[in-house]
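Presented below is the structure to which this report refers.
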Amino acid sequence: MFSPTYLLSSSTLYVLLFLLSCFYGGFSSAPPKIGKGYRLISAEETPEGGFLCHLQVKQKNNIYGPDIPLLQLYVKHETGDRLRVHITDAEKQRWEVPYNLLPREQPPALKQTIGRSRKNPLTVSELAGSELIFSFIADPFSFAVKRKSNGQTLFNSSSGGSDSFGEMVFKDQYLEISTQLPKDASLYGLGENTQPHGIKLYPNDPYTLYTTDVSAINLNTDLYGSHPVYMDLRNVGGQPFAHAVLLLNSNGMDVFYRGNSLTYKIIGGVFDFYFFSGPTPLGVVDQYTSFIGRPAPMPYWSLGFHQCRWGYHNLSVVEDVVESYKKAQIPLDVIWNDDDHMDGHKDFTLNPVNYPRPKLLAFLDKIHSRGMKYIVIIDPGIGVNSSYGVYQRGIANDVFIKYDGEPYLAQVWPGAVNFPDFLNPKTVAWWGDEIRRFHELVPVDGLWIDMNEASNFCSGKCTIPKGKQCPSGTGPGWICCLDCKNITKTRWDDPPYKINASGLQVPIGFKTIATSAVHYNGVLEYDAHSLYGFSQAIATHKALQGLEGKRPFILSRSTYVGSGKYAAHWTGDNKGTWEDLKYSITAVLNFGMFGVPMVGADICGFYPAPTEELCNRWIEVGAFYPFSRDHANYYSPRQELYQWKTVTKSAQNALGMRYKLLPYLYTLNYLAHTSGAPIARPLFFSFPAYKECYGLSTQFLLGSSLMVSPVLEKGKTSVKALFPPGSWYSLFDMTQTIVSKGQYFTLDAPLHVVNVHLYQNTILPMQQGGMISKEARMTPFTLIVTFPAGAREAQAKGNLYLDNDELPEMKLGNGYSTHVDLYATLKQGSVKIWSEVQEVKFALDKGWKIEKITVLGLSGSVDTSGLEINGSPVATGASIIELTSVEQMHLQDVEDGVGKKKSLIVSLSGLNLYVGKKFDMSMKMGVQG
């Protein structure tokens with residue numbers, strides 16, 4: 001077993017004291033200053049309107065290694081709302097995130113000679129775009145980014161002589177740069193980690209980015225993904241302004257946030273900053289995903305409920321789970337297998353005894369005929385076994401990561417493994433072929449790529465032991481049984497600066513691929529480590545899309561900038577505790593901002609064991625995760641939702657509502673794919689001026705206007721929830737109305753109740769639900785229209801996207817999709833509701849109809865003689881159309897200066913309006929005097 005060692009890279013007293021201060025002072029103390037920074041020695045304007053400059057180190061030192069003497073600075077406004085600042089070695093190519101993995105503009109080639117004379121010398125010290133302004137100070141060099149509209153400084157690397165941080169440092173294995181921050185800035189992002197303080201970054205908490213197989217129950221620790229991006233939300237005189245900063249760098253890094261400053265300490269690569277101007281949170285994510293890649297379109301069924309467990313020992317257990325969900329009348333779309341289906345934990349195999357292929361195929365025929373789907377796990381480690389075809393073909397194609405010229409040996413579930421090198425085009429082709437072969441063996445509907453940080457049960461350089469079985473087949477499978485030696489001989493295995501890996505400053509090669517191992521074209525694992533899961537997702541996506549031309553579904557544990565373009569994500573190995581339930585909301589919201597909107601946590605917890613009450617409350621939250629799956633550990637008691645009668649009831653309620661909301665969720669999936677908009681969002685996305693919600697981590701929105709306010713504490717039968725100003729309507733009981741001035745309300749929440757409220761000015765499309773998405777999708781539609789309670793004049797809008805969800809692309813114009821814009825107005829005692837339809841054919845061919853429209857928040861009474869549909873009067877008493885009205889109850893009455901108003905729900909049922917055909921409807925109200 002590898003034991004962490006901490007080796008100082010210099011014997012000087014200064015360095016010794018410095019490292020000790022880092023270790024003991026941690027993330028809370030002010031950082032020691034290293035060197036005097038750089039000065040600008042030449043600058044010119046590029047033909048495309050950017051800056052190209054050169055910087056020279058002012059005073060060399062050897063702390064963390066020698067300084068790189070000359071740097072190249074390139075600045076360009078790439079779009080109206082995106083600014084790039086790229087700093088690298090001026091004389092030697094350095095590692096960057098590969099341009100084929102994350103396509104983007106190339107900076108200018110490095111100059112062969114560096115001097116002061118230039119064709120287009122700069123006469124100014126700033127570069128203005130339409131939204132952002134870049135400026136610099138020459139000596140010591142620093143740069144700032146300002147918002148053009150109000151002059152606000154968004155990023156400023158100058159220390160200004162303060163003690164908060166030092167000047168920029170650029171060494172081969174240590175890069176440091178900082179920015180000043182106003183103390184009232186609210187920062188979000190810098191993941192993946194479990195944040196105990198909620199969604200806002202918390203000063204002096206550690207933020208280390210390095211993909212690691214560390215359980216999500218570990219707080220403030222570098223977890224499975226690396227997302228070096230943060231959003232900064234500021235409220236200036238009551239007006240909100242948001243922007244984002246991405247440092248596109250895949251090397252391990254510590255980020256120190258101290259409230260008034262933020263410092264990056266990185267162990268390689270370059271400074272490649274991208275600034276996104278916003279100014280709204282939605283605008284920021286739109287600009288960010290426009291650059292890194294829009295989130296993947298998801299198949300409709302993936303928005304249904306998923307059930308998984310590590311420990312479904314044979315096929316009969318899986319069959320029983322499916323039938324038990326059906327018997328319990330709990331919706332279920334997808335059944336999963338962890339590695340129980342495999343032969344000896346080997347990828348792309350079937351256990352011939354426990355999962356015999358003929359019986360598995362018969363089972364899949366049965367569930368596929370219902371519309372259900374089946375997904376299995378794949379780990380990247382390929383078992384070293386001379387009789388294993390996948391391994392044989394991998395060796396023949398030379399697809400594995402190397403160490404000392406041989407495939408690097410590690411251990412995961414099959415025992416000794418080699419890791420495919422997904423940076424190698426031959427590996428991508430081999431991987432696609434193995435997926436094709438497996439799909440011919442078992443027609444799975446998606447793939448789950450796990451352990452791809454990459455996880456290794458051993459550390460260092462290992463060999464297969466002689467004379468003993470490894471693994472032994474008894475005891476935990478994650479105990480290292482290879483013969484291994486620590487690797488500390490290279491600066492890549494033992495870098496001079498120790499990031500806070502695993503929260504313990506363990507060596508960066510601990511329980512992963514040795515960082516001196518080599519990828520395709522000589523790329524070091526040291527540089528490419530955090531890209532492993534990302535590159536695997538790209539290869540897997542390409543393989544699945546090439547199988548049948550269908551829209552892929554991939555779930556990946558490890559992620560990087562841009563992973564959302566290819567895969568969904570779950571938040572990893574959590575535990576069945578109330579704390580983990582609460583943390584899950586922050587994790588889900590973070591990934592929406594990272595451009596991975598299809599995300600959820602293991603419902604009821606992965607590790608043992610949730611209580612019955614906790615599982616009730618967890619499904620009430622998890623039913624509204626974008627990705628909704630119950631998953632449990634091998635050693636956990638069974639925790640399928642039907643295992644408890646009380647949980648069955650809560651699941652029927654919460655998932656029943658989810659299945660009614662599927663058209664809305666699918667439309668949000670479309671909006672995510674076209675604009676990056678998160679499916680699950682923090683409240684400040686819709687209420688950015690309302691500062692009270694900036695740190696709110698116990699409630700969330702689905703889309704812009706559907707708010708979930710769950711119970712997150714043991715023994716509670718009520719919940720204190722924040723309601724931003726306006727009218728809110730309970731989705732489970734629309735007679736319940738809250739009119740808020742921006743305040744907390746205490747809501748009843750008995751065991752089987754989750755509070756979900758719909759905001760004013762919204763049109764929400766719903767269907768009638770069902771036990772499976774395929775059936776629920778063909779039920780009639782209801783439109784819920786919400787006006788501010790008691791308003792005399794108001795507007796509402798919504799939209800609906802429908803398509804053939806098996807097609808790879810999610811777009812209009814292909815003949816297999818329809819988009820509907822929905823509008824409503826309340827004016828002069830008349831309610832008007834209408835639609836505009838793009839691409840009518842698909843929806844008309846499917847025969848979808850709107851059967852009911854419900855309008856909330858009306859005042860007065862309904863004039864039944866004043867109903868018109870598509871310009872024709874409708875007499876409700878003489879037709880199948882029925883009009884009803886119910887008075888709404890307010891937790892706080894609407895004040896109107898003179899007296900209190902009442903509001904009504906008005907419902908029109910028995911309608912026969914085709915979704916694919918535009919309609920207009922109006923009705924008159926008898927307004928209260």
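Here the structure is a predicted model, which means the values were calculated and not measured. Below, all heavy atoms of this structure are taken into account, side chains as well, without hydrogens, waters or symmetry copies.
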Do [X] and [Y] have side-chain heavy atoms sitting under 4.5 Å apart?
X      : Y      : answer
Asp602 : Asp630 : no
Trp578 : Leu614 : yes
Thr559 : Phe594 : no
Met657 : Leu731 : yes
Pro626 : Val588 : yes
Thr782 : Gln767 : no
Arg658 : Ser628 : yes
Leu332 : Met771 : no

Is a side-chain N or O of [X] found less than 3.5 angstrom from the main chain of [Y], in a donor-acceptor match?
X      : Y      : answer
Asn814 : Tyr816 : yes
Arg629 : Gly600 : no
Ser215 : Asp573 : yes
His541 : Ala537 : no
Ser636 : Phe606 : yes
Asp445 : Tyr374 : yes
Glu809 : Arg551 : no
Thr667 : Pro663 : yes
Gln411 : Cys481 : yes
Thr211 : Gly225 : no

Output all residues satisfying ring pair (Phe, Tyr, Trp, His ring centres under 6.0 Å) with [X], sequence neighbours left out; order by chain, then residue number.
X      : result
Phe348 : Trp431, Phe438
Trp570 : Trp448
Tyr634 : Trp310, His313

Exercise: do [X] and [Y] side chains pair donor with acceptor under 3.5 Å:
X      : Y      : result
Ser773 : Asp333 : yes
Ser556 : Gln536 : no
Ser817 : Asp803 : no
Ser650 : Asn616 : yes

Flag this pair as yes if the NZ/CZ of Arg309 is under 6.0 angstrom from the six-membered ring centre of Trp336 and inside a 45 degree cone about the axis; otherwise no.
no
Write down the atom of [X], the atom of [Y], and the distance for their closest heavy-atom approach.
X      : Y      : result
Thr779 : Gln768 : OG1-N, 3.1 Å
Gly533 : Ile449 : O-CD1, 4.5 Å
Pro331 : Gly770 : CG-O, 3.6 Å
Phe400 : Pro420 : CD2-N, 3.7 Å
Asp213 : Ser455 : OD2-OG, 2.6 Å
Ile377 : Met342 : O-CE, 3.2 Å

Sequence neighbours excluded, which residues qualify as side-chain contact (heavy atoms from CB on, under 4.5 Å) partners of [X]?
X      : result
Lys841 : Asp845
Glu775 : Ile772
Val428 : Ala539, Lys542

Look at [X] together with [Y] and state whether they make a salt bridge at an N to O cut-off of under 4.0 Å.
X      : Y      : result
Glu806 : Lys550 : yes
Arg617 : Glu620 : yes
Asp450 : Arg557 : yes
Glu851 : Lys849 : no

Pairs in or reaching into residues 648-671: which pass ring-ring contact (aromatic ring centres under 6.0 Å, His included), with residues at least two apart or in two chains?
Tyr300-Tyr666, Tyr670-Tyr801, Tyr670-His819
Measure the spacing between CH2 of Trp644 and OG1 of Thr648 and express it to the nearest 0.5 Å.
9.5 Å
So, taking the atom named CG in Leu589 and the one named CD1 in Ile679, what distance separates them when rounded to the nearest 0.5 Å?
12.0 Å
Pairs flagged by side-chain hydrogen bond (donor to acceptor under 3.5 Å, both in side chains) wherever [range] is involved - sequence neighbours left out:
range            : result
residues 415-428 : Asp421-His519
residues 319-329 : Gln307-Tyr325, Glu323-Arg370
residues 345-356 : Asn337-Tyr355, Asp339-His345

Could you check Arg638 against Glu640 for salt bridge (charged side-chain N to carboxylate O under 4.0 Å, His left out), going step by step and ending with a plain yes or no?
CA-CA 6 Å; Arg638 294 285 292 270; Glu640 293 84 6; 2.9 Å; yes
Please work out whether the ring planes of His306 and Trp301 are parallel, tilted or perpendicular, with thresholds of 30° and 60°.
tilted
Step by step, would you call Thr571 with Tyr224 a side-chain hydrogen bond (donor to acceptor under 3.5 Å, both in side chains)?
CA-CA 8 Å; Thr571 62; Tyr224 316 103; over 6 Å; no
Please, which pairs that meet disulfide (SG to SG under 2.5 Å) have at least one residue in residues 601-637, sequence neighbours excluded?
Cys604-Cys615
Looking at Trp848 versus Phe842, is the centre-to-centre ring distance below 6.0 Å?
yes
The side chain to side chain donor-acceptor pair (under 3.5 Å) partners of Asn385 (sequence neighbours excluded) come to Ser387
